[in-house]
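Notes for the one structure printed next.
When reading the values below, keep in mind they use all heavy atoms of this one structure, side chains included, and skip hydrogens, waters and symmetry mates. For clarity, every value in this text was computed on a predicted model and none was experimentally measured.
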Amino acid sequence: MKSKINNFNLIFIIAILLISGCASENKLDQANLNPDFPVPWKSDAFAQRFQEATTKNPTVVESAIELSDKYAKLIEEASYLKQENQSLASRNQQLKDQVTEIESKLRETQDELKDTTEVLVEMRLELNNWKTDVLGFREEMRNAQSAQLQALMKIMKALGGEPIVTTAHSNGIGQAVASNR
């Protein structure tokens, strides 16, 4: 099928070039005979546009074959680019699917992180309350021990004993103990 289309295109291009070649020869003859005859394609820009890198002038058939080859190469390139575009489109769709999946996981993780943060804040408040309670209890214990010592001192005085107050010494575990001798 492709070769039939290429053959048809080649024949079509050759026919167009032959017709245009004949017409340009007539205009060229008219331009040579009549110098006042305007030839729009004789400008430098127009000539440079169609000038090939080679210095030889190809025949119409050679030009048609060359154009046909270029056309075939362009068709192949277009086919390749179409396949490339399709593969890029499918890759893009895969990436979009991955992004959607990752975004849903991200939302779940953010929700879990928010819940965890709330739990940690509550735990920290409870820990601070516990610490305050412990420190308060320790102070109460000191006050209670001090009250007991004062009560013992009063009892000893009431019984007629005289307490000997000495400096506190350490009992080896970091607690000061007052000794009464």
Got a donor-acceptor contact below 3.5 angstrom from the [X] side chain to the [Y] backbone?
X	Y	answer
S68	A64	no
T100	K96	yes
S79	I75	no

Spacing of [X] atom [atom1] and [Y] atom [atom2] [to the nearest 0.5 Å]:
X	Y	atom1	atom2	answer
L88	R91	CG	CZ	10.0 Å
E126	D133	CD	CG	11.5 Å
K114	T116	NZ	OG1	12.0 Å
L135	W130	CG	CH2	8.5 Å

Under 4.5 Å between any side-chain heavy atoms of [X] and [Y], yes or no?
X	Y	result
L149	Q145	no
E103	V99	yes
Q94	Q98	no

Stepwise salt bridge (charged side-chain N to carboxylate O under 4.0 Å, His left out) check, K70 with E66: CA-CA 6 Å; K70 287 181 181 179; E66 184 178 336; 3.6 Å; yes
Which is it for E76 and K73 under the salt bridge (charged side-chain N to carboxylate O under 4.0 Å, His left out) test, yes or no, and what are the steps along the way? CA-CA 5 Å; E76 288 177 16; K73 287 178 184 177; over 6 Å; no
Can you list the steps and then say if K157 with K154 is a side-chain contact (heavy atoms from CB on, under 4.5 Å)? CA-CA 5 Å; K157 282 183 186 179; K154 287 181 184 177; 5.7 Å; no
Hphob cluster co-occupancy, L127 + V134, side-chain heavy atoms under 4.5 angstrom: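 In one cluster with L127: V134, yes.
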